[in-house]
Chemist: 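Before I ask anything, here is the structure I am working with.
Quick note on labels: first sequence line is chain A, next is B, and so on, each numbered from 1.
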Amino acid sequence: ETAVFQTPNYHVTQVGNEVSFNCKQTLGHDTMYWYKQDSKKLLKIMFSYNNKQLIVNETVPRRFSPQSSDKAHLNLRIKSVEPEDSAVYLCASSPTGLANSDYTFGSGTRLLVI
Amino acid sequence: GDSVTQTEGLVTLTKGLPVMLNCTYQTTYSPFLFWYVQHLNEAPKLLLKSSTDNKRTEHQGFYATLHKSSSSFHLQKSSVQLSDSALYFCALSDMGYKLTFGTGTSLLVDP
């Protein structure tokens, strides 16, 4: 099956802890993304990578750090979580980074910070 | 910077009626416009896209026409079904490497 796979599906943690989310795509795409979907369902770009290279780094707190070992993997680490980090984190990929590229999204990782 | 505006937060309709979900945008460059649909607890999925002015694009019974003169890309369907109940996002890309999404419109179809 070709798709975008995210783990874990759900994670509950306490304020100040470190968390890591994994994303893998088996579509052969060159470009991968992290989006944050908040409680109002707003979708905001966090990072985009093209063939392991960071391309877009939006205004994201420094405690967030993406990591890409190859073009099929893009992970996200949050060093010291805060309550406002509670959200669904959606990973996506596209064939290229061009403006007409279609995105394929993963099912998301739901983070709850207590 | 780029922005996408979706004015309706929630649209409630009876099955079989037509629907139009509004989308307007602002950008300095020539954009690609997209509609993504997200069913409950699922990933957003591409519904349709366009970059051609005044040309209607269709998919799965939905259609939209990009009008650059009014910076609009409204989504329409002539007869909604129960399965169309979902969250619909309009999105824009111009320079690539990111999609800018609107705030989304929830469509709720009653029997």
Side-chain angles (χ1 to χ4, degrees), chain A residues 1-6 9-10 23 25 27 29-60 66 68 71 74 88-110, chain B residues 1-6 8-11 21 23 25 27-53 55 57 59-60 66 73 85-108:
Chain A
E1 182 189 3
T2 55
V4 178
F5 302 96
Q6 291 186 240
N9 293 326
Y10 191 70
C23 179
Q25 55 97 0
L27 296 159
H29 289 171
D30 284 343
T31 311
M32 296 185 71
Y33 312 84
W34 278 109
Y35 274 82
K36 180 180 180 181
Q37 187 168 36
D38 64 19
S39 58
K40 295 183 180 178
K41 303 297 184 183
L42 291 173
L43 276 164
K44 293 223 168 148
I45 181 73
M46 300 176 71
F47 303 101
S48 69
Y49 270 72
N50 189 68
N51 203 6
K52 298 194 304 178
Q53 300 297 315
L54 178 65
I55 304 295
V56 170
N57 182 349
E58 290 292 285
T59 309
V60 175
S68 181
K71 73 175 191 177
L74 181 62
V88 176
Y89 291 86
L90 287 165
C91 178
S93 71
S94 62
T96 71
L98 296 176
N100 64 344
S101 279
D102 300 348
Y103 285 31
T104 301
F105 283 87
S107 298
T109 294
R110 186 177 297 275
Chain B
D2 297 341
S3 66
V4 177
T5 300
Q6 294 180 248
E8 308 103 348
L10 173 65
V11 172
L21 306 183
C23 173
Y25 63 90
T27 180
T28 307
Y29 305 98
S30 185
F32 280 84
L33 270 294
F34 301 79
W35 278 99
Y36 280 80
V37 57
Q38 186 176 25
H39 287 91
L40 190 62
N41 295 324
E42 294 186 10
K45 292 180 182 173
L46 178 66
L47 186 55
L48 48 78
K49 69 178 183 183
S50 179
S51 65
T52 306
D53 199 12
K55 182 180 177 184
T57 184
H59 187 61
Q60 296 181 339
L66 177 60
F73 190 58
S85 292
L87 183 56
Y88 291 81
F89 290 100
C90 184
L92 172 158
S93 182
D94 48 22
M95 302 299 286
Y97 294 105
K98 71 175 184 180
L99 272 177
T100 299
F101 285 87
T103 50
T105 298
S106 288
L107 175 63
L108 182 60

Chemist: To the nearest 0.5 angstrom, please state how far the CZ atom of B:Phe101 sits from the CD atom of A:Gln37.
Modeler: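 Answer for the CZ-CD pair, B:Phe101 versus A:Gln37, is 9.0 Å.
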
Chemist: Distance from A:Leu43 atom CG to B:Gln38 atom CD, nearest 0.5 Å?
Modeler: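 Nearest 0.5 Å value for the CG-CD distance: 6.5 Å.
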
Chemist: Non-hydrogen atoms of chain B under 4.5 Å away: do they reach the side chain of A:Tyr35, the backbone, both or neither?
Modeler: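 It is the side chain, since no backbone atom gets that close.
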
Chemist: Looking at A:Ala99, A:Ser94, A:Ala92, which has the largest count of heavy-atom pairs under 4.5 Å with chain B?
Modeler: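 So the answer, after comparing A:Ala99, A:Ser94, A:Ala92, is A:Ala99.
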
Chemist: Which one, B:Leu87, B:Thr100, B:Leu33, B:Leu99, leads in non-hydrogen pairs under 4.5 Å with chain A?
Modeler: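 Option with the top pair count is B:Leu99.
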
Chemist: Less than 4.5 Å to any heavy atom of chain A: does that hold for the side chain of B:Leu92, its backbone, both, or neither?
Modeler: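 It is neither, since no heavy atom gets under 4.5 Å.
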
Chemist: Determine whether A:Val56 and B:Met95 make a side-chain contact, defined as any pair of heavy atoms from C-beta on separated by less than 4.5 Å.
Modeler: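 When only atoms from C-beta onward are counted, B:Met95 and A:Val56 do not touch, as no gap falls below 4.5 Å.
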
Chemist: Ignoring hydrogens and geometry, is there a side-chain-to-backbone donor-acceptor pair from A:Ser48 to B:Tyr97 under 3.5 Å?
Modeler: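 Checked: pair present.
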
Chemist: Does any heavy atom of chain B fall under 4.5 Å from the side chain of A:Glu58, the backbone, both, or neither of them?
Modeler: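 Contact with chain B involves the side chain of A:Glu58 alone.
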
Chemist: Find the distance between CG (B:Leu46) and CG (A:Asp102) and round it off to the nearest 0.5 Å.
Modeler: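 So the gap between those two atoms works out to 4.5 Å.
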
Chemist: Do side-chain atoms of B:Lys49 reach the backbone of A:Asn100 as a donor and acceptor pair under 3.5 angstrom?
Modeler: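 Present.
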
Chemist: Just so I understand: if I count every heavy-atom pair under 4.5 Å between each of A:Ile55, A:Thr104, A:Val88 and chain B, which residue has the most?
Modeler: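 Between A:Ile55, A:Thr104, A:Val88, the count favours A:Ile55.
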
Chemist: Given a strict heavy-atom distance threshold of 4.5 Å, which part of B:Tyr29 is in contact with chain A: side chain, backbone, both, or neither?
Modeler: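 For B:Tyr29, no heavy atom lies under 4.5 Å from chain A.
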
Chemist: Is it the case that the side chain of A:Tyr103 and the backbone of B:Tyr36 share a donor-acceptor pair, with hydrogens and angles ignored and the cut-off at 3.5 Å?
Modeler: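 Answer holds: no.
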
Chemist: Identify which part of B:Ser51 has an atom lying under 4.5 Å from any heavy atom of chain A, answering side chain, backbone, both or neither.
Modeler: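 B:Ser51 has no heavy atom closer than 4.5 Å to chain A.
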
Chemist: Would you compute the distance between atom NZ of B:Lys98 and atom NZ of A:Lys44 and round it to the nearest 0.5 angstrom?
Modeler: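 Here the rounded value is 11.0 Å.
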
Chemist: Between A:Leu98 and chain B, with a heavy-atom cut-off of 4.5 Å, which part of the residue counts as in contact: side chain, backbone, both or neither?
Modeler: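 Only the backbone of A:Leu98 comes within 4.5 Å of chain B.
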
Chemist: Using non-hydrogen atoms and a 4.5 Å limit, figure out which bit of A:Ser101 sits close to chain B: side chain, backbone, both or neither.
Modeler: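 Contact with chain B involves the backbone of A:Ser101 alone.
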
